[in-house]
Colleague: 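So that we are looking at the same thing, I have put the structure below in structure tokens.
We're numbering straight along the sequence, starting at 1. Quick note: numbers below take in every heavy atom, side chains included, and nothing from hydrogens, waters or symmetry partners.
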Amino acid sequence: MAVAGSFLQYLIIMIILAAVGILGAFVGKILRDNKDAKDAKTAMTNESEQEQ
């Protein structure tokens, strides 16, 4: 019974750590996309200012 309890405990920890890793990847992608969009907008603004 102790072996099954330990196995279950490690299984739960593994699931939690995997969920945190996946969540971190999604948050990182969202933040990167936002930064890229902001940089693209800034670059377009700078190009239009240089043309004038």
Side-chain angles (χ1 to χ4, degrees):
M1 193 64 163
V3 173
S6 292
F7 178 75
L8 186 61
Q9 180 181 0
Y10 282 112
L11 183 65
I12 292 170
I13 291 171
M14 183 187 74
I15 291 169
I16 291 170
L17 290 175
V20 168
I22 292 168
L23 182 65
F26 280 119
V27 170
K29 181 168 177 15
I30 290 169
L31 291 174
R32 185 75 233 186
D33 289 344
N34 288 342
K35 186 175 186 321
D36 289 344
K38 181 180 174 184
D39 289 345
K41 183 179 179 182
T42 303
M44 289 181 67
T45 303
N46 289 341
E47 288 177 5
S48 66
E49 288 176 357
Q50 288 178 354
E51 291 175 358
Q52 295 177 356

Colleague: Taking only residues two or more places apart in sequence or in another chain, which ones pass side-chain hydrogen bond (donor to acceptor under 3.5 Å, both in side chains) with Asn34?
Modeller: none
Colleague: Working to the nearest 0.5 Å, report the span between NZ of Lys35 and OG1 of Thr42.
Modeller: 9.0 Å
Colleague: Which residue pairs pass the salt bridge (charged side-chain N to carboxylate O under 4.0 Å, His left out) test when at least one of the two sits in residues 12-24, sequence neighbours left out?
Modeller: none
Colleague: Taking side-chain hydrogen bond (donor to acceptor under 3.5 Å, both in side chains) as the definition, give me every residue that meets it alongside Lys41, ordered by chain and number, with sequence neighbours left out.
Modeller: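 Expected list: none.
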Colleague: Give the table of side-chain donor-acceptor pairs shorter than 3.5 Å for residues 6-29, with sequence neighbours excluded, one pair per line with atom names and distance.
Modeller:
residue	atom	partner	partner atom	Å
Ser6	OG	Ala2	O	3.2
Lys29	NZ	Asp33	OD2	3.1

